[in-house]
Colleague: 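Right, I'll just put the structure down here and ask away after.
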Amino acid sequence: MFLNRFDPAEALARARHVFGEFGGINPSIEESTTFTVLDASKLADIFGGKIGPDEDCYLYGRHINPTVLALGRMLAAMENTEAAYPVSSGMASIFTVVAGLCGKNEHIVSSNTVYGGTFALFERLLPRLSGITTSWVDITNLEAVEAAFTKNTKMLFVETLSNPTLVVADLPRLAEIAHRHGVKLVVDNTFTPLLVTPALYGADIVLHSLTKFVNGTSHVIAGVICCNRDLLQQLMDPQSGPLMLTGPTMDPRVAFDIYQALSTLPIRMAAHGRHALVFALRLLDIGIPVVYPGLRTHPNFSVFEKIRNTRFGAGGMLYTDLKEADLAEQFLNILQRVGFGYIAVSLGYHDTLMSCSASSTSSELSDDDLEHAGISRGLIRISMGYTGSADLRWAQFMEALDGFLRSQNKERLGVVFGERYDSLRLAVEQHKRRNLGFSA
Ligand SMILES: *Cc1c(COP(=O)(O)O)cnc(C)c1O
């Protein structure tokens, strides 16, 4: 449908490579917070914005650091935006964008299914600080989106693939609506780096929690804001910009780690996607409820196909729903015991991470809010890792399923699996027979 020739992995490979101070093949980590000038008059030019990093002139570590800038250039290339500014966390990127776009008593239209921290920021902190209010809408209902705009609306906020419900944003149509109202489309692309390039479809600002897939080893907290040069300049302005004045600065050592991690991101995303697709297909096959955007059974499958850069798969995120919190928790305990994955929040790690969203990363939402966002108490979010093999992970899953089915009476599980309970038992038995038990 869209003639999409942009390839983010090629863009990363073409981006300016930064050599170390002594010609090292890796960039140096610039550990200084302040920078000398040869002539005192230069300071005025730097603070006045007349000269800057493009002329190799730096102001102060909180403004921009050379190692952080090197990472920013890579991320801008990846997201096909003019500029990008790495920050200390995903939440810092969201707060900075709001502080840059919205003023007192202004208004945000947001998807009703977003990361719990984003929800709490928009719903509780922003109104208290500034009177900024948010209307929560189902973004798959374009009339509802349209109807939510007021004369004070300054941004439309969505996640490309929502946390944890995996609703896909129809970015071209949402951009059209936002722009018709003179409003910026802000897209949190944390779940889908490389898979989707929101700027191709009209997103004005693309942000990430780099903590997740982009870094990929769950050892640093980080974020990024990708946008055009004018807007970034506004955010960085030494006298009035929220980047300079609220200080969500990234440490250069963190920037170096993420810069290195970018080299393997295309391989990692494809590997997450391969494992997740095999797993989702097998769940579907035996009759476990599964939501994964790479399956035709996903309600937004065609929207995802329309915007996806197909070379990198359909991502590592999927979920199943056991309806009730205590059932979900028991199943998680067994899955962890057999070595299938770890019970932990966050995502994009090389091993599988699993959590009950309602009681963890979406715990900021009340029962009503959870229902409104379509988050069941028994929803188990899975960030599929790529370690081991698909067959090993499946054998571990079937062992856990066997234990889970044995731990509950049939009436209880009937609520979750309905008619499929008997066929699930059969699938477990067949798996055991074929593999001569679980430890073969
Ligand atoms: C984790 C997450 C955030 C927040 O990022 P941090 O790096 O933890 O501050 C924002 N959006 C989404 C979709 C996330 O998953």
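What's counted below: heavy atoms across the whole structure, side chains too, no hydrogens, waters or symmetry copies. When a ligand or atom number is given, it counts from 1 through the structure's own listing order.
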Colleague: In the protein, what heavy atom is nearest to atom 4 (C) of ligand 1, and what distance, to one decimal place, separates them?
Modeller: Tyr115 CE2, 3.5 Å
Colleague: Which ligand 1 atoms are under 4.0 Å away from a heavy-atom of Gly90?
Modeller: 5 (O), 6 (P), 7 (O), 9 (O)
Colleague: Less than 4.0 angstrom from a charged side-chain N to a carboxylate O is my criterion; do Arg14 and Asp7 meet it?
Modeller: no
Colleague: Judged on heavy-atom distance to atom 10 (C) of ligand 1, which of Ile221, Asp188, Leu347, Asn189 sits nearest?
Modeller: Asp188
Colleague: Please classify the Ser346 to ligand 1 contact at 4.0 Å (heavy-atom distances, strictly less than): side chain, backbone, both or neither.
Modeller: neither
Colleague: Where the closest heavy atom to atom 2 (C) of ligand 1 is concerned, which of Lys212, His208, Met91, Glu159 has it?
Modeller: Lys212
Colleague: Please state which protein non-hydrogen atom is closest to atom 8 (O) of ligand 1 and give its distance, to 0.1 Å?
Modeller: Ser209 OG, 4.1 Å
Colleague: Quick one: which ligand 1 atoms are inside 4.0 Å of a heavy atom on Phe191?
Modeller: 15 (O)
Colleague: For ligand 1, which atoms sit closer than 4.0 Å to a heavy atom of Asn163?
Modeller: 15 (O)
Colleague: Can you list every side-chain hydrogen bond (donor to acceptor under 3.5 Å, both in side chains) pair that touches residues 373-393, not counting sequence neighbours?
Modeller: Asn163-Arg381, Arg282-Asp391, Asp321-Ser376, Asp351-Thr387, Asp367-Arg377, Thr387-Arg393, Arg393-Gln396
Colleague: Do the ring planes of Phe417 and Phe404 sit parallel (below 30°), tilted (30 to 60°) or perpendicular (above 60°)?
Modeller: perpendicular
Colleague: For Glu305, is there an ion pair with Arg308 - N to carboxylate O distance below 4.0 angstrom?
Modeller: yes
Colleague: Quick check on Ala222 - does any of its heavy atoms sit under 4.0 Å from an atom of ligand 1?
Modeller: yes
Colleague: Check whether the ring centres of Tyr115 and Phe191 lie less than 6.0 Å apart, and answer yes or no.
Modeller: no
Colleague: Are any of the side-chain nitrogens in Arg124 or Glu364 under 4.0 Å away from the carboxylate oxygens of its partner?
Modeller: no
Colleague: Under a 4.0 Å N-O cut-off, is there an ion pair linking Asp188 with Lys212?
Modeller: no
